[in-house]
Amino acid sequence: QVQLVESVGGLLSPGGSLRLSCAASGTSFRQYAAWYRQAPGKQREKVAHIADTNITYYEDSVKSRFTISRDNAENTVDMQMNSLKPEDTGVYYCIAPEGVWGQGTQVTVSS
């Protein structure tokens with residue numbers, strides 16, 4: 001059974017930083033891992049992914065601010081989020097290669 005557990009998000013001030021982590025069991029992030037977010041009233045969108053060759057993708061609005069990484073030994077995928085903006089607010093989800101989602105974690109950026 002595939003299970004993903006995301007770390008707790010939080011309430012951040014603009015310009016702040018947060019590191020999200022997703023731990024997997026029953027699957028592996030070696031081939032692929034991704035983070036999505038769903039802002040209030042909007043569809044879920046991909047924020048970043050990392051492929052088996054370590055090629056990464058970032059949605060335009062987060063380029064140079066977010067960094068996705070994984071630890072194959074620990075079977076985790078992290079996303080370091082810097083210079084947070086109010087428009088980064090949303091529920092963040094990690095996803096396993098099988099298409100299984102984590103439970104989501106709320107990130108709110110507000111002054």
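On a predicted model such as this, the values are computed, not experimentally measured, just so you know. Atom set for the values below is all heavy atoms of this structure, side chains included, hydrogens, waters and symmetry mates excluded.
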Stepwise salt bridge (charged side-chain N to carboxylate O under 4.0 Å, His left out) check, Lys85 with Asp88: CA-CA 5 Å; Lys85 303 177 180 180; Asp88 294 320; over 6 Å; no
Check against side-chain contact (heavy atoms from CB on, under 4.5 Å), Ile95 and His49: CA-CA 10 Å; Ile95 183 170; His49 79 229; over 6 Å; no
Audit row: Arg44, Tyr93, side-chain contact (heavy atoms from CB on, under 4.5 Å) steps and yes/no: CA-CA 9 Å; Arg44 196 174 297 186; Tyr93 301 87; 3.4 Å; yes
Steps toward side-chain hydrogen bond (donor to acceptor under 3.5 Å, both in side chains) verdict (Gln80, Asp78): CA-CA 7 Å; Gln80 177 67 41; Asp78 291 356; over 6 Å; no
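Scored by the side chain to side chain contact (heavy atoms under 4.5 Å, CB included) test, Val100 finds Val2, Ala96, Glu98 as partners (sequence neighbours excluded).
Interatomic distance, Met79 CE to Ser69 OG, rounded to the nearest 0.5 Å: 10.0 Å. Expressed to the nearest 0.5 Å, how far CD of Gln103 lies from CD of Glu6 amounts to 4.5 Å. Atom SG of Cys22 and atom CD1 of Ile68 lie 9.5 Å apart (nearest 0.5 Å).
Of the possible polar contacts, none joining the Thr76 side chain to the Ala23 backbone as a donor-acceptor pair under 3.5 Å is found. A distance-only check finds a donor-acceptor pair linking the side chain of Arg70 to the backbone of Phe29 [under 3.5 Å]. The main-chain N or O of Lys42 is found under 3.5 Å from a side-chain atom of Gln38 such that the two form a donor-acceptor pair. At least one donor-acceptor pair closer than 3.5 Å links the side chain of Asn75 to the backbone N or O of Thr27.
Taking all atoms of both residues into account, the shortest heavy-atom contact from Ser28 to Pro97 is O-CG, 3.3 Å. Tyr58 and Ala48 make their closest contact through CD2-CB, 3.6 Å (heavy atoms, listed as atom of the first residue, atom of the second, distance).
Remark: aromatic rings of Trp35 and Phe66 are distant, center separation not under 6.0 Å.
Cluster membership for Val107 and Tyr36, using ILVMFWY side-chain heavy atoms within less than 4.5 angstrom, is not shared. There is a path of hydrophobic side-chain contacts, each under 4.5 Å, that joins Trp101 to Val91.
Put simply, the side chain of Met81 reaches to within 4.5 Å of the side chain of Leu20, judged on heavy atoms.
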